Amino acid sequence: MSITIEREDGLAVVTVDFPPVNALSQALRSGLIAAAEELDADPGVQGVVLICAGRTFIAGADVSEFGKPPQEPHLPDVVTRIENAAKPWLAAIHGSALGGGLEIALACRFRVAQAGAQAGLPEVKLGLVPGAGGCVRLPRLVGAPLAVEVITRGTPLPAAKALSAGLFDAVVEGDLRREALAYLRAALQRPLPQVLLQREVAPVEAGFWEQAQADLSKRAGREIAPGLALECVRRASEGSVQDALAFERASFLERRASEQARALRHIFFAERGATRPPELNGVQARAVNSAAVVGGGTMGAGIVVALRDAGIPVVLLERDDTALQRGLQRVSDIYQSSVKRGRLSEGAAAERIGGVRGTIVDADLADVDLVIEAVFEDLQVKRDVFARLSQVCRNDAILATNTSYLDPALIAEGLVAPERFIGLHFFSPAQIMKLLEIVPIPQTAPDVLAAGFTLARRLGKIPVRAGICDGFIGNRILRTLRAQAERLLLAGATPQAVDAAMRAYGMPMGPFEAQDLGGLDIAAFQRKAARERGEAVFAPVADRLCEQGRLGQKTQAGWYDYAPGERRPLPSDTVAKVIAEAAAGVPQRAWSEAEIIDSIVLPMVNEAALILEEGIARRAVDVDLVEVHGYGFPRWRGGLLHDAEARGLKEVVARLRELAAAGLAPEPCRKLEQAAETGTF
Ligand code: NAD
């Protein structure tokens, strides 16, 4: 870490150089205070430009200090020192000014940014609130409504927005250092703006705070930091600066030690650590510079978009012209909707669509480095596809299947050069969902496995290695969730009560409303296949609903009824009758929210422990990543197994035993019992 000071015609330039992101380490904090001291004492200096080397301005806290006792000087000291400097400071921002980085920029009198820069206070994403005056200064600069938006969501503002809101004084093209010096020089000719703490927050409309509170409660649920952040901004707007600063700091310290912050840090580090596993150290990934997708249905089209978004040229192979046109249309629809939402320019969309070559001729796949198959979920159909492709593709081309439930090793049987075969399991919608389960077969070559991880990262996805079993990691746990939810129905709970409980737990949707949205037929198809393999599957109510053609929203009837054209689930008498028939002889009882949650979540934990015991998942943290990035599991709980550890595995085992005694859950597995001894998986 270095801080250098240069002097130039009465101005000083303080350059921070702490790769990779100029994080606010203890050394940087004390270095900035020392710089302010030195420059205040220098009569030859009238103003100071603070600028960073490398790819970004100060992009936030030093993650290596997370969870450790804080060391002096604390960030508020640095902010106050810069704000009170005798010489005005200007923050010259490129890349990202985030968290503490923006709080330092807010202590400066001026903020000049390079085009493409962004600024934000993302603390809530780590379960925190800003801790060095961000909640107090930002509303004084941009007004309370925007400050609430920025701070409670944690989403950074792009340069243009930051400029129009007054957060940036100027956005410049070209050499940032030169432009910043010129800006400061000119600004020093005019009266200085007041430091932010001396300004007032512009008054808000009547009812603003109540509305903000109501919106937030809906959005944040049980997540504590966003609500606390709102309170911080409100106090900063309505009370004294000193009280607001003290409240913000106390809230920050309290949150930093909280379980939710711990959980969010756990996921943050898990995401960073989701790279290739250590056994691949030294393995050069097989190169992927072009790809083909076979099947342009729901998944295939999404995968095409994911590949194109990463700049990889794609050939899309379909079975006939009509299906091909449909597939290409799906791709184009996805891009058109991005354009409509303002996420992508027309030009960029056209360029990405232009990089997709549709075909119904196998030979057009002769040169690609990777093929991802996403045709119907049928072993024979998939085998036929690969048999044909092995005639035309290069022998070193990677062949991947996106199967959800079939055994990839069976799909690859009889294939020439099976060492190039692998499962790459995307989640729907594939262009959005971050999870990629990577499923090697026994023959998969290390450089092919490594290519799976490299590709995932290139697509902006979180790769998790999974072993072969029915449903791999995620769908196997999902099956437990669904079976438990049905068990509850037979024992007296209603679909509404189960859905409400799981939403209260933090899931974006309850299990029954989610099935209605996705369609009950997919799972029915999987159950049929599992039964054909001789497996026992528990879904007495879902089976009956499917027989009746109640397939979810698309048939206006599933676990709920739907009024024509409406998506609002209405309790269904028909379903109640089906449940009552299936529940004949099962003792009925009342269910509290907590009991419903335990009856679903704890068996999921047990299934995940079995998945670890069997080596299907290699690390507990992989299960957490799968749940958070593939299934909407609340991030602030840190994932399924982190949440169980946080609750205490001994308690989990004890509760599970009680449920097992009541016939509502399996007995805890060996791995879970063992983990309970140490408290961790
Ligand atoms: P889909 O029915 O929407 O699409 C399948 C496509 O494959 C169709 O467009 C069809 O024309 C095409 N196709 C069929 N046979 C073909 C052949 N021989 N050659 C070329 N194209 C052919 O199905 P989907 O939902 O996209 O699922 C595809 C695969 O992805 C399945 O294996 C499924 O299990 C898996 N998957 C689905 C989801 C999901 O949520 N839908 C999630 C993960 C994985």
Side-chain angles (χ1 to χ4, degrees), residues 292-306 314-334 356-365 368 371-393 399-408 410-412 422-439 461 464 466 470-476 478-479 482 509 514-530 551-552 554 626 629-632:
V293 174
V294 187
T298 315
M299 290 309 287
I303 296 169
V304 167
V305 171
V314 181
V315 180
L316 172 62
L317 176 70
E318 258 290 357
R319 52 189 170 143
D320 57 42
D321 261 325
T322 319
L324 176 61
Q325 290 319 315
R326 265 202 312 263
L328 291 171
Q329 189 60 47
R330 279 191 193 98
V331 172
S332 161
D333 289 348
I334 294 172
V356 184
R357 181 169 153 224
T359 184
I360 55 167
V361 179
D362 293 352
D364 287 337
L365 276 60
V368 297
V371 180
I372 301 175
E373 165 277 311
V375 304
F376 302 134
E377 184 77 343
D378 180 289
L379 182 60
Q380 203 47 52
V381 173
K382 289 189 191 284
R383 274 188 171 165
D384 290 348
V385 164
F386 284 110
R388 276 170 28 215
L389 292 182
S390 56
Q391 307 286 315
V392 295
C393 291
L399 302 181
T401 176
N402 180 46
T403 183
S404 308
Y405 287 91
L406 297 170
D407 179 345
L410 289 181
I411 298 175
I422 192 162
L424 293 179
H425 185 213
F426 290 78
F427 289 73
S428 181
Q431 73 279 14
I432 292 172
M433 296 297 282
K434 288 246 179 277
L435 179 62
L436 184 66
E437 282 182 329
I438 298 189
V439 193
K461 309 244 176 256
V464 169
D470 193 21
F472 310 127
I473 300 174
N475 281 343
R476 181 165 154 185
L478 177 67
R479 202 176 49 191
R482 289 187 171 161
M509 274 189 169
Q515 287 180 66
D516 273 2
L517 181 66
L520 273 65
D521 42 341
I522 302 178
F525 178 75
Q526 283 146 12
R527 290 198 297 274
K528 182 165 167 276
L551 301 181
K554 60 181 165 189
V626 163
H629 287 292
Y631 298 84

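Treat the numbers as computed from the prediction; the structure is a model and nothing was measured. Note that ligands are numbered from 1 as they come in the structure, with each ligand's atoms numbered from 1 the same way.
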Query - D321 and Q325 side chains, donor-acceptor separation under 3.5 Å - result: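 No, no side-chain donor-acceptor pair sits under 3.5 Å.
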Query raised in the report: Step by step, would you call S404 with H425 a side-chain contact (heavy atoms from CB on, under 4.5 Å)?
Result: CA-CA 7 Å; S404 308; H425 185 213; 3.6 Å; yes
Report task. For ligand 1, note which part of A323 has a heavy atom under 4.0 Å away: side chain, backbone, both or neither. Result -> side chain
Query raised in the report: Which bit of F426 gets closer than 4.0 Å to ligand 1, counting heavy atoms only: side chain, backbone, both or neither?
Result: backbone
Query raised in the report: Applying a strict 4.0 Å limit to heavy atoms, is G327 in contact with ligand 1?
Result: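 The answer is no: ligand 1 sits nowhere under 4.0 Å from a heavy atom of G327.
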Report task. Start with the C-alpha distance between V385 and F376, add both sets of side-chain angles, then the distance that settles side-chain contact (heavy atoms from CB on, under 4.5 Å), and finish with yes or no. Result -> CA-CA 11 Å; V385 164; F376 302 134; over 6 Å; no
Query - Atoms in ligand 1 flagged as close to N402, the criterion being non-hydrogen separation under 4.0 Å - result: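 What qualifies from ligand 1 is 30 (O), 35 (C), 36 (N), 44 (C).
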Please report, to 0.1 Å, the donor-acceptor pairs under 3.5 Å made by any side chain of residues 516-529, with sequence neighbours excluded.
from, atom 1, to, atom 2, distance (Å)
D516, OD1, W559, N, 2.8
D516, OD2, W559, N, 3.2
D516, OD2, Y560, N, 3.1
D516, OD2, Y562, OH, 2.7
D521, OD1, K554, NZ, 3.0
D521, OD2, K554, NZ, 2.8
Q526, OE1, Y405, OH, 3.1
R527, NE, D543, OD1, 2.8
R527, NH2, D543, OD1, 3.1
K528, NZ, E532, OE2, 3.4

Requested in this report: Between R326, M299, R319, E377, flag the one that comes closest to atom 32 (O) of ligand 1 by a heavy atom.
Outcome: E377
Query raised in the report: When you measure from atom 18 (N) of ligand 1 to each heavy atom in T403, L424, V385, N475, which option holds the nearest one?
Result: V385
Query raised in the report: Between S404 and ligand 1, is there a nitrogen or oxygen pair with a distance under 3.5 Å?
Result: yes
Report task. Give yes if a backbone or side-chain nitrogen or oxygen of H425 is under 3.5 Å from a nitrogen or oxygen of ligand 1, and no if not. Result ->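 No, H425 has no N/O under 3.5 Å of an N/O on ligand 1.
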Query raised in the report: Hey, is atom 23 (O) of ligand 1 touched by any protein heavy atom at less than 4.0 Å?
Result: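 No, there is no protein heavy atom closer to it than 4.0 Å.
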Query raised in the report: Is the side chain of N402 donor-acceptor paired with the backbone N or O of F426 at a distance under 3.5 Å, no angle test?
Result: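 It does hold such a pair.
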